[in-house]
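Written out below as structure tokens is the structure these notes cover.
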Amino acid sequence: MQPSDPALDAALAAPERQPAHSTRLGGREVGPDVQAWTVERAYATDLPEAVRAFSGSASAQLELQLGGHDGVPAPQLYSAWAGRATGDIARPGQSVVHAVGAAGHTLPAFRGTVRSRSAASGGDTVTVQALDGAERLRGPAALPRPYHGYLWGKPVATATWCVDELLRQGGIHSCPPPRAPVADDDDKAPLSIIYASLHGGFNSTYGQPEALPEPTTYTWEREGAPFEMALMPNRPGLRTSWMPRSRMVMPGSVFLMECWVNTALARGDKITLSALFDRSAGKFGVISVVFDAKTSYVTMRSETLGGTPESQSFNPTKFGALKGRWHLGLLVQTKPTSPRPTMQIRMTAPDGEYIESREFEFTEAAGAQQLSELRQIDVTTDMAVECVQVTDRVAAKASAFTQAAWEQRGEWVKGAELDTPELALFDVPKVSGSQWDVISEIARVSMSTAEFDERGIFRWRGPGRFTKAPTKPHLTVTTRRDIAALTVTEEIDACRNYCVQPYEDWKQFEYKNGDPVLDTSVRKLMPGVPVEVSYAMLEEENDIGPLVVVDDADPKAGHVVRIGDAEDGGRSVKGKVTVSSWREGPSYVVRFTNRGTTPLWTVTKDGKPSVSIVPIQRAVDPKKRKWARWSTPSHGHYGKQQYLAPESSWVQSAVIARALASTVLDAGRYPVPVLDAVEVLHDPRIQLGDVVRVVDRAGAELNTLAWVVGLRTTCAAGGVPQQTLTLRGTSYNGVPVDAGLTPDGPVDTGAPPGSAAPRAVRALTSAATEPRPVTPVPIDDPDARAGDDGMDLDHLLPPPWEQ
């Protein structure tokens, strides 16, 4: 239910209501011009209607009929050919906000954008149709598809992470967004090189996961997460790492490493962020920071891997004293002319206080950073962590990075709420269509629901939402006051007592290198001028990171590039060229940017093109199997009613397949009645998924709980809003007993005139038609599943009754 206030509650409970509504187009109030309006919401799915509450996406639609004013007809004001001064208010894409209520008090009913408008010639009406936030998700869907899940045999993402990523592409955020998602043409502006929300997966919007922890060592935590969902270690020292989408050079830029944590949700006291830089001759440099909530010390280090570090410390006492949501960051500044880094700590406390340290300069030889490129970012944590990101060139200099920029003030609004992650993925499936299309597909496959509420907030709810019968309603409607019409329907199609879920078995996994792609040209890299080159990739090849810059002191083959200071080879160069990469459909795009002052070339030591791209793909396709769940007691009453879920690459384990099959079985073991066309007094507080108690003393003597799975509200000028609900019962009305009944058999065994059936056949038929004793299963009996069975089926075998 939408939250209300006492004034509106009293207006809705009054014997007579005074309807009220407010409608804004383009931010301008047009309520007086609205002649009629209709708002409709319902879950869309390919399941039977009586089961559809368990799955599907809901996209609300609003229809307005606008009239004119001040003697000017509506088509002249709002049609497609109207003047821009008034016509733009109803143009496609324009914002729409609609609120309804009573006695001058309203609640949000719709928020979205105009899809179409039509003006009838000779009339005074313009019809405007609008769609909710789903209209913001009409862009092409694209999901990062790293190979690391099947490389390590560990989940790299979940379906929930994919939904969150698709929302982010449409500008709908559940946590702080990437600071700089788009690179400019000259590579001088800020650029997000790693962004990992950690909303149910290690997969990243920018960059790629490199090291994945064991699934038993972590969980995905929503309660207490800084924003929406956090990676929660099961023991201290959980480590994961990402490779960047751009291998920034060292020294020579200002970069920021940051994350959000909850220090009250922890297995220990520390979190470490570190950057690993690839130097010449196989050596590595490291810049890191350790935040210790026990001692309140923040320790910054600069070192050569395996050597003795130079350290600097900062002691914000509040960090240890105040538990809760902290924003933590390390700002690093290096200059092309000096190997000595300067570091600064940025923090925001749970109470909103902004804390920054002075700039610490590292002056010892042990802390010097040599010419190199960024290899990877590591995070080691004892506490819940969310939204890890690294931004290159975040500011021209550290002092120019303001508090407002650090807090991303005014840059985003939280517009989505997620549920517990479901459907662990070893390989992210290929997707096509719009972002909303893919979200709808995931909802259908995972038995989840996706919807935008009346305030424009997207809500993703997993299959557990409807699996537990509620005990209390949000609202009670009765035939004495609220209900004008009611139809109760029970149908055999609502029964699904043999449920089969196909899945992909990823127990066996291997990877292989694809055919190497070798450049055919030596690329000349002029100082400060980016050079982009596209290389063809196969559709089955997964995303790969940027090329590794190698040198003559430690030559390596594979996914590499050598940078030389002469066209015929010359000497190898490190730490002068930023190498970035990304996937664009069938192309792998590489961008080279020379940060030095002299021309350089992509050339081998002997003068040949040095770019060598090595794609990666699965070596073994997952086995396609099926898991079946069925209810033998239900078969005795309704026969075998099969639900065969469509094959989907989103289901990648037997555990998930069993859970999904069980969800459908729980929903359809016995037919659940649908209360259709329930006409009630308009209540703007009702939302999809609410629980309503329906009391009918005039007809069926009904007193039951039901979920709202469809909602339609209409209002015409001078009238009152009419609301029609589609409800699904929260449980079935007990198990059939058939007391005193002797059901007729499916075949008439009586002999036709002039013939006689063989004695043996008559005896067999008689035995087959004897009713089987069935033990009733009470609705709320915890042992209601005692008769359920299940098995893992080979994908080639038919159901048991067909064998």
Side-chain angles (χ1 to χ4, degrees), residues 143-162 200-204 208-220 234 238-243 421-431 441-442 445-447 463 499-516 537-545 558-559 583 614-629 644-663 790-800 803:
L143 290 173
R145 299 187 57 237
Y147 55 85
H148 303 76
Y150 60 78
L151 171 67
W152 301 112
K154 303 171 185 176
V156 70
T158 60
T160 303
W161 183 93
C162 295
F202 300 97
N203 202 5
S204 49
Q208 289 190 34
E210 179 69 19
L212 302 176
E214 291 291 340
T216 56
T217 62
Y218 65 86
T219 56
W220 303 110
N234 291 336
L238 180 72
R239 175 182 174 272
T240 186
S241 64
W242 292 267
M243 69 170 75
E422 303 284 350
L423 277 64
L425 302 172
F426 297 87
D427 185 28
V428 177
K430 291 176 287 194
V431 296
E441 177 190 356
I442 298 173
V445 170
S446 63
M447 305 301 294
C499 304
V500 181
Q501 176 64 59
Y503 69 97
E504 294 183 348
D505 186 353
W506 282 80
K507 289 182 180 179
Q508 295 181 347
F509 51 87
E510 294 180 20
Y511 78 97
K512 65 180 180 181
N513 292 335
D515 296 331
M537 288 188 68
L538 301 178
E539 186 179 5
E540 62 268 20
E541 292 171 341
N542 286 63
D543 298 344
I544 49 179
H559 191 63
R583 183 80 174 263
V614 181
I616 294 179
Q617 56 186 273
R618 297 192 304 240
V620 178
D621 288 332
K623 301 292 185 182
K624 293 188 176 182
R625 304 186 186 278
K626 293 177 181 176
W627 191 283
R629 294 278 292 159
L644 176 60
E647 289 190 6
S648 173
S649 55
W650 292 99
V651 184
Q652 299 183 2
S653 77
V655 173
I656 294 172
R658 177 188 174 95
L660 293 178
S662 297
T663 299
M791 70 166 48
D792 197 5
L793 302 175
D794 186 278
H795 70 287
L796 294 178
L797 291 179
Q803 295 179 22

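Counting heavy atoms from C-beta outward, P502 and S648 have side chains that stay 4.5 Å or more apart. You'll find the side chain of R145 reaches within 4.5 Å of the side chain of D427, heavy atoms only. Within the 4.5 Å cutoff, side-chain heavy atoms of W650 are placed close to those of V431. By the 4.5 Å heavy-atom criterion applied to side chains, P144 and V428 are not counted as neighbours. Side-chain contact between C162 and L425 is present, with at least one heavy-atom pair separated by less than 4.5 Å. Side-chain contact between P213 and F202: present, with at least one pair of heavy atoms (C-beta onward) separated by less than 4.5 Å. Side-chain contact check for I616 versus N513: some heavy-atom pair is nearer than 4.5 Å. At a threshold of 4.5 Å between non-hydrogen side-chain atoms, the residues R658 and Y503 do not count as touching.
Atom OH in Y511 sits 10.5 Å away from atom NE2 in H148 (nearest 0.5 Å). Put simply, CG on D621 and CZ on F509 are 14.5 Å apart, with the number rounded to the nearest 0.5 Å. With values rounded to the nearest 0.5 angstrom, L538 atom CG is found 6.5 Å from Q617 atom CD. The distance from the NZ atom of K154 to the OG1 atom of T217 is 8.0 Å, given to the nearest 0.5 Å. With rounding to the nearest 0.5 angstrom, the CG atom of D505 is 8.5 Å from the OG atom of S653. Here the straight-line distance linking atom CG of L151 with atom CD of E510 works out to 11.5 Å at 0.5 Å rounding.
Of all the heavy atoms in Q208 and I544, the pair that sits closest is NE2-C, 2.9 Å. Shortest non-hydrogen contact noted between T160 and P421 is OG1-CA, 3.3 Å. Closest of all the heavy-atom pairs between S662 and R629 is OG-NE, 3.0 Å. The two residues E210 and W152 come nearest to each other via the heavy atoms O-NE1, 3.1 Å. The heavy-atom pair separating L212 from P155 by the smallest distance is CD1-O, 4.1 Å. A pairwise comparison of heavy atoms in A211 and T240 identifies O-OG1, 2.8 Å as the closest pair.
Under a 3.5 Å cut-off, the side chain of W627 and the backbone N or O of A661 do not form any donor-acceptor pair. N234 places a side-chain N or O within donor-acceptor distance of the main-chain N or O of T216, the cut-off being under 3.5 Å.
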Can you list the steps and then say if E422 with T158 is a side chain to side chain contact (heavy atoms under 4.5 Å, CB included)?
CA-CA 6 Å; E422 303 284 350; T158 60; over 6 Å; no

Using the side chain to side chain contact (heavy atoms under 4.5 Å, CB included) rule, take V651 and V445 through it: C-alpha gap first, then chi angles, then the decisive distance, then the call.
CA-CA 8 Å; V651 184; V445 170; 3.7 Å; yes

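Evaluated for a side-chain contact (heavy atoms from CB on, under 4.5 Å) with E647, the options E504, K624, Q501 yield exactly one hit, K624. A side-chain contact (heavy atoms from CB on, under 4.5 Å) with P615 is found for exactly one of E541, E540, K512, namely E541.
No more than 12 heavy-atom neighbours from other residues, nucleotides or ligands sit within 6.0 angstrom of CD on Q508.
N542 and Y150 are linked by a side-chain donor-acceptor pair at a separation below 3.5 angstrom, with hydrogens and angles left out of the test.
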